[in-house]
Amino acid sequence: MFYLIIAILIALYYIFMAPKSVQSTLNAIGVVGLIALLVVLSVMSFIKIIALPGEVFVGVIMIVIGSLAMRDVLRLPKK
């Protein structure tokens, strides 16, 4: 709870009182932090996907092949 209050105070300082040079520096730091967060979340989701049972992957492959087959059948010329 203490750190949440400190974070709110820092955010309020950044929004209302920080000079423009500090705000641009904090923007760059924020963008880097956001990119790092996205990379970590994508790695964690990839690990979670790999942990799925093999039947899931077989089902996904079958759905893809089935949809491609249906697309080919629908594109056949009508006689």
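These numbers come from the heavy atoms of this one structure, side chains and all, not from hydrogens, waters or symmetry mates. These numbers come from a predicted model, not from an experiment. Nothing fancy with the numbering, it's 1 onward along the sequence.
Taking 4.5 Å as the limit, some side-chain heavy atom of F57 sits within range of a side-chain heavy atom of I49. In this structure, the side chains of L76 and D72 stay at 4.5 Å or more apart for every pair of heavy atoms.
M62 and V60 fall into different hydrophobic clusters, where Ile, Leu, Val, Met, Phe, Trp and Tyr are joined by side-chain heavy atoms under 4.5 Å apart, directly or via other members.
Considering I10, I5, L12 in turn, L12 is the only one that fulfils the side-chain contact (heavy atoms from CB on, under 4.5 Å) rule with I8. Of the listed residues (L41, I47, V40), just one forms a side-chain contact (heavy atoms from CB on, under 4.5 Å) with V43, and that residue is I47. When V64, I65, V58, I63 are each tested for a side-chain contact (heavy atoms from CB on, under 4.5 Å) with I61, only one passes: I65.
Here the straight-line distance linking atom CD1 of I29 with atom CG of L34 works out to 13.5 Å at 0.5 Å rounding.
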